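Notes follow the structure.
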2 protein chains.
Amino acid sequence: MSHDSCLVQKLSHYVPLSQCSLDSIACLEREERDYDRGTEIHAEGDSNTNLYVVRQGWLYSYADLKDGRRQIVEIHHPGDIIGFPDIAFNERTTVLKAAEDVRLCPFPKKDLDQVFSNAPQLAALLFALAVRNQVILTDFLQAVGRMSARERIAYFLLDLMARLRIANKPMSTTFRLPLNQTEISDVLGLTNVYVSRSFTALQKDGLIRRDNGTVEVLEEDKLISLCDFVDRHARIDTSWFPKP
Amino acid sequence: MSHDSCLVQKLSHYVPLSQCSLDSIACLEREERDYDRGTEIHAEGDSNTNLYVVRQGWLYSYADLKDGRRQIVEIHHPGDIIGFPDIAFNERTTVLKAAEDVRLCPFPKKDLDQVFSNAPQLAALLFALAVRNQVILTDFLQAVGRMSARERIAYFLLDLMARLRIANKPMSTTFRLPLNQTEISDVLGLTNVYVSRSFTALQKDGLIRRDNGTVEVLEEDKLISLCDFVDRHARIDTSWFPKP
DNA sequence: CGATTTGTTGACTGGTTTCAACAGTGGTGG
DNA sequence: CCACCACTGTTGAAACCAGTCAACAAATCG
């Protein structure tokens, strides 16, 4: 491989990529650009001509609510592609913000037709990941709609771990969490105050330990049964993909 | 057209369908089958070999929560395709239930490769609708995560109307709602008791009127501003689709 | 007509929000 | 080097929205 692409690494996790899939991906990652922590890379209502591959750092997409609060609808990690949900619209539906210093590969939406016409395997994979996201979102909807604050936090941590494990299999149970409690509350539909209380409670019960921007999951099984977590990230069914 | 397909009608709303798209759809609607109200057409954990086109009647998909409650994650109307979110998995993630007497067209998941290889326009359209669903779901997430009960009900009604209008443009502001309040509470993450209270409150304020399984929206503008509703159903950007 | 489902209403409870004060941390400039 | 400020996390007290439990009314069905 010409360079170390976390997008390639993440996608290969699901299916061995054909050469033309690899070529298509390389074409999406031609350009690179850095953004500082806190930068709003695009705003709601911007025309969306670009998608982005994440090279480095965490970002998130959020919507502003009429009462001034925010709902963070997606957290983006290295190896993710940002912008698919919006391609059916002319305008962005969310604000994209860098949670820390990041490096992105922007590519025009129009380049996707190249994927669809030249790399059917990659097209099918992207489609499968898009529809899987619906399932992940509905899981999350259950968490936000039906669970208590500490259960939601458990869910949040387990979901992050499941995602990070795709890119980094031998990951331990400790990981960096470059989001503050206000941001976490905007993900989970809570207040920063109650996120603080619930985190403290989980720590007091010995389920997790926090240390300066990192989280260690001490009792993964208990967290899983606390929120009935199902890992939707680990595997997908690729049997129906078109054969090369 | 050989028969009156609401799937064709719904998809044509977005883009004029090419002949090979129409042929592909016809192939998905070969078989028909009826189910009675209340039937569980498939359960969570069933192997998912079939998808379904809805011909007639409403259905919904729900997940059982560990405490015995349910979360309804999707309501299916005539002209919808049921099952896309699960195609990346070997097993169903939700239970599919008929909200009233329904008629479905089951077709095997494997038939989709035919769509991908023979009808690129249809493939792109289905992809666009799938990713758009993510946006709709995140909108809904905001409603469930951040809004009061009466705001959620407003959102629910407006979303239904927006969907029904795709299939039936000259629809008035009155529509049939074949779901009971317990089912609505399972959609919105509320209790049946509070759904009742909130409905009554909305009616008392003159925003809606109910009559025996139908709802009339009296003050659509007020409902819209109450929950900051955005209609994501009306139009999609098809400019990037592959040309025939 | 009785039985079941569905919707309504009341009283009480409780988890989360709100408002507020305060502590710890890091960064900045004088 | 320290004063100052912004940001972040913590804790307490009070208020409130929605849940829970329960009884009952209304509609539907066989």
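Just so you know, these numbers come straight off a predicted model, no measurement behind them. Here is how names work: the chains are called A, B, and so on, in the same order as the sequence lines, proteins then strands, and each is numbered from 1. All values below come from the heavy atoms of this structure, side chains included, with hydrogens, waters and symmetry mates left out.
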Extract from the structure each pairing of a protein N or O with an N or O of nucleotides 6-8 of chain D at less than 3.5 Å, listing the distance.
| residue | atom | partner | partner atom | Å |
| --- | --- | --- | --- | --- |
| dT8(D) | OP1 | Asn180(A) | ND2 | 3.1 |

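- Side-chain polar atoms of Glu74(B) and Tyr60(B) form no donor-acceptor pair below 3.5 angstrom.
- Looking at Ile236(A) and Leu129(A), their side chains come closer than 4.5 Å, going by heavy atoms from C-beta outward.
- Note: Tyr155(A) and Phe140(A) have tilted aromatic rings, judged against thresholds of 30 and 60 degrees for the angle between ring planes.
- At a threshold of 4.0 angstrom between heavy atoms, the contacts of Arg210(A) are confined to the sugar-phosphate backbone, with no base atom among them.
- In the model, Gln181(A) has no side-chain atom that pairs as donor or acceptor with a side-chain atom of Asn192(A) under 3.5 Å.
- Taking CZ from Arg210(A) and OG1 from Thr200(A), the interatomic distance works out to 5.0 Å, rounded to the nearest 0.5 Å.
- Taking 4.0 Å as the cut-off between side-chain N and carboxylate O, Asp186(A) and Arg146(B) count as a salt-bridged pair.
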- Task: Under the side chain to side chain contact (heavy atoms under 4.5 Å, CB included) rule, what do Asp101(B) and Tyr35(B) come out as? Steps first, then yes or no, please.
- Result: CA-CA 6 Å; Asp101(B) 294 350; Tyr35(B) 297 90; over 6 Å; no

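- Here the two rings, on Trp58(B) and His76(B), have centers that are 6.0 Å apart or farther.
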Name the atoms and distances for all side-chain donor-acceptor pairs under 3.5 Å in residues 222-230 of chain B, with sequence neighbours left out.
| residue | atom | partner | partner atom | Å |
| --- | --- | --- | --- | --- |
| Ser225(B) | OG | Lys222(B) | O | 3.2 |

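- Glu29(B) and Ser5(B) are linked by a side-chain donor-acceptor pair at a separation below 3.5 angstrom, with hydrogens and angles left out of the test.
- Using a 3.5 Å distance cut-off with no hydrogens or angles, the side chains of His233(A) and Arg163(A) do not pair a donor with an acceptor.
- The stretch residues 194-205 of chain A touches DNA chain D through Ser196(A), Arg197(A), Thr200(A), each having a heavy atom under 4.0 angstrom from the strand.
- Among the atoms of the strands shown, only primed sugar atoms or phosphate atoms (P, OP1, OP2) are found under 4.0 Å from some heavy atom of Gly189(B).
- Taking a heavy-atom distance under 4.0 Å as the criterion, the stretch of DNA chain C touched by chain B extends 5' to 3' from dT6(C) to dA11(C).
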Collect all protein-nucleotide pairs involving nucleotides 26-30 of chain D in which both atoms are nitrogen or oxygen and the distance is under 3.5 Å.
| residue | atom | partner | partner atom | Å |
| --- | --- | --- | --- | --- |
| dT28(D) | OP1 | Asn212(B) | OD1 | 3.1 |

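- Look at Asp159(A) and Arg232(A) and you find no salt bridge, because none of the NZ, NE, NH1 or NH2 atoms lies under 4.0 Å from a carboxylate O.
- Mapped onto DNA chain C by nearest heavy atom, Arg69(A) and Asn192(B) fall at different nucleotides, with Asn192(B) at the one closer to the 5' end.
- Judged purely by atom type and a 3.5 angstrom limit, Asp86(B) has no side-chain atom pairing as donor or acceptor with the backbone of Phe89(B).
- Taking atom CG of Leu190(A) as the reference point, atom P of dG9(D) lies 14 Å away to the nearest angstrom.
- Taking the charged nitrogens against the carboxylate oxygens, Lys97(A) and Glu183(A) have no contact shorter than 4.0 Å, which rules out a salt bridge.
- If you check residues 147-159 of chain B against DNA chain D, the residues with a heavy atom closer than 4.0 Å are Ser148(B), Ala149(B), listed by number.
- Side-chain N or O atoms of His13(B) include one that pairs as donor or acceptor with a backbone N or O of Ala234(B) at under 3.5 Å.
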